[in-house]
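Below, read A as the first sequence line, B as the second, and so on, with proteins coming before strands; counting in each chain starts at 1.
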Amino acid sequence: MTAPDELVRAVEATLFASEEAMSVEALAAHLGGIETAQVRAALDELTHHYRERGIRLVERGKLWHFETAPEMAHLLRREREHLRRLSRAATEVLAIIAYHEPVSRAEIESIRGVQTARGTLDVLMEAGWVRMAGRREVPGRPVIYATTTEFLEHFGLASRRDLPGIDELRAAGLLDAIDETLEDAMQFDGPEEGDGDDRAEADDDFISGDLPD
Amino acid sequence: MTAPDELVRAVEATLFASEEAMSVEALAAHLGGIETAQVRAALDELTHHYRERGIRLVERGKLWHFETAPEMAHLLRREREHLRRLSRAATEVLAIIAYHEPVSRAEIESIRGVQTARGTLDVLMEAGWVRMAGRREVPGRPVIYATTTEFLEHFGLASRRDLPGIDELRAAGLLDAIDETLEDAMQFDGPEEGDGDDRAEADDDFISGDLPD
Amino acid sequence: MIAEETMEVSLPLALTLPEGEEDWIGPANEQRSEDALYLELDGWEGPLDLLLDLARRQKVDLRQISILALVDQYLGYIDRAGALRLELAADYLVMAAWLAYLKSALLLPKEEQEEPSAEELALRLQWRLQRLGAMREAAARLMARDRIGRDVFLRGAPEGLRIDRKSLWHSSAFELIQAYGQVKARTAPRIYQVRDRMVMTLDSAIDRVSAMLGVTLEWMDLRDFLPPHAEPSLRKSVLASSFVAALELARLGRAEIAQEEIFGPMRLRRISR
């Protein structure tokens, strides 16, 4: 490889250090009023030189600049995975959905006896373990939630029937369907679905820590 | 010219795109946990490739970055950022810290034979070139100062070993540890560290301005 | 006269300095008027700096300077400042005094010198001047390097690297079941049972106390009214009931109660009619 000539190097350095893309004319003026034809020749040489490298010299609307080669674009935005343990509140909500699905947020709250912050369901959906499964055809048409195949995979379950202890819990009468009219009559319900998100257990829901390893 | 391999191009693209200089380890991690030896080989190849171009790849205090070639300075100076001009006292203190680090304020004063206004060290720390590096375990536990990676970067030094003339100065014994008992025997030392800050050379230290174009 | 002196010594410095660092050439190199001495002294970074400047005017390697000549030059400078009645900073005067001492010591015969010897002190001073000179030169060379933002430039518009953190949630089947159990345990209806305990009812206590009061007119301790062989758990109930029974009988005017001191024994006797 022969060293590039002075002008090529000057154009290269100028475009590198410039905060904005530059036109041929701006480059020529910057480099002390040389011929635009010479600048064009230098740009051609540089374009050729950088065609197979990690960076490219490109022209966009008559303005020239260096940019990352398209095949390398993935390097600019990397995703780093980060193990996080599910918070206690989220685990409870997940367990309730798994045992009672499909279930609305109001029903989850009724079972837990405490309001559920919206963030909790978001986390479970982000984790890919819970999905929205339509709406219940009752007044207010609340969204109902169910578990996913990924949920079964992550917890090593062949089906929801495998959830250990489900039969025993049912035998103890603890999994009886919630009678919503009765709940209403007892004024035991939490607030309506979707409201009061910021009031209850906001702290609890977001507590989660990195796994030690 | 053959096209560089995938890893070389990835390192090139990453360093080009990065807003900060990167260590070999940071590069290896960013590129998905590859061997540092491979990264080093790629850096070597790139350094070689860019040695005669308008830009070059350099290592400064174990961090790598691209910068324009120094021969291009005359072309680029016109659009340079405004560099703060350091006072004579500040440049001298910076040199003393760089060549003698870690060094206490009393030791700096012993070399210069004059008190150092607090502003002098502040200016150097504000520039990011000097940092406090703990305390010397002697009576009074004085704070000791050392230079930073940014200092190496700014002055184009791969490491402190690159400081101009450092080997000769060391060989001549001019960088020997400061023997304060002997200095004291000369009886013309300035007052104790930490007192009278506002008396000495306060005016001089704050002289700064943009460099003339 | 100061101008003469200054002119006389305004010769190029032995040390070569990088271009553009004129700052490093001492103020004495410039021509100035007679009353400029104070300003000159102000321009030096202390007495050591002035000494270094004077030493460089000897135009020899700093290792070969004549300390005696240097001392004379320095003292001459200070004298002239004194003649002009210019205020000198204390450290310049301290240095002058020390140099005068050094000079006299250097002129003494060797055998009469104290430790450390004058030669050692002179060498030490020379070494310090060398060291200061070296640092000053190093600073100039440092400043003259290719500096970022002045001589070399970083990329003007880097794309920037972004790392998005993606959470990978983790839990286990056991944690799931445990959580469900906890929810159920927390929200299950609770049934409270109260154990049947042996008690003495108030009615039976009134019967017992009034029956015993009928036996005598003397004061009796309340504790004497208690059945002797009651279980410990029953005793408290008996004591409480008997006390309430005594109060009830007193209210009905059938008994009187006396207690000599707080927490003292409570005595009881029938009111005879």
Item to check | Worked verdict on Phe16(B) versus Phe66(B) for ring-ring contact (aromatic ring centres under 6.0 Å, His included) | outcome: CA-CA 7 Å; Phe16(B) 234 72; Phe66(B) 278 108; 5.0 Å; yes
Checklist entry - Considering only heavy atoms from C-beta outward, does the side chain of Leu124(B) approach that of Thr147(B) to under 4.5 Å? => result no
Next on the checklist: Between Val8(A) and Asp5(A), does the side-chain contact (heavy atoms from CB on, under 4.5 Å) criterion hold? Intermediate values first, please.
Outcome noted: CA-CA 5 Å; Val8(A) 170; Asp5(A) 75 20; 3.3 Å; yes
Checklist outcome for this item: Turns out that what part of Leu46(B) lies under 4.5 Å from chain A's heavy atoms comes down to side chain
Checklist entry - Using a heavy-atom distance cut-off of less than 4.5 Å, which residues of residues 35-44 of chain B contact chain A? => result none
Item to check | Under 3.5 Å: donor-acceptor pair, side chain of Arg9(A), backbone of Pro4(A) | outcome: no
Next on the checklist: Please report the interatomic distance CG(Leu169(B)) to NE2(His100(B)), rounded to the nearest 0.5 Å.
Outcome noted: 8.0 Å
Next on the checklist: With a 4.0 Å cut-off on N to O distance, would you call Arg60(A) and Glu67(A) a salt bridge?
Outcome noted: yes
Checklist outcome for this item: Okay, Glu71(A) and chain B: the region with an atom under 4.5 Å from a heavy atom over there is side chain
Next on the checklist: Going by the rule ring pair (Phe, Tyr, Trp, His ring centres under 6.0 Å), which residues pair with Phe151(B) if we only count those two or more places apart in sequence or in a different chain?
Outcome noted: Phe155(B)
Next on the checklist: What part of Ala10(A) gets within 4.5 angstrom of chain B, counting heavy atoms only: side chain, backbone, both, or neither?
Outcome noted: both
Item to check | For chain B, the option from Thr68(A), Val11(A), Leu75(A), Leu15(A) that forms the most heavy-atom pairs under 4.5 Å | outcome: Leu75(A)
Next on the checklist: If we count only N and O atoms by modelled type, under 3.5 Å, do the side chains of Glu12(A) and Tyr50(B) hold a donor and an acceptor together?
Outcome noted: no
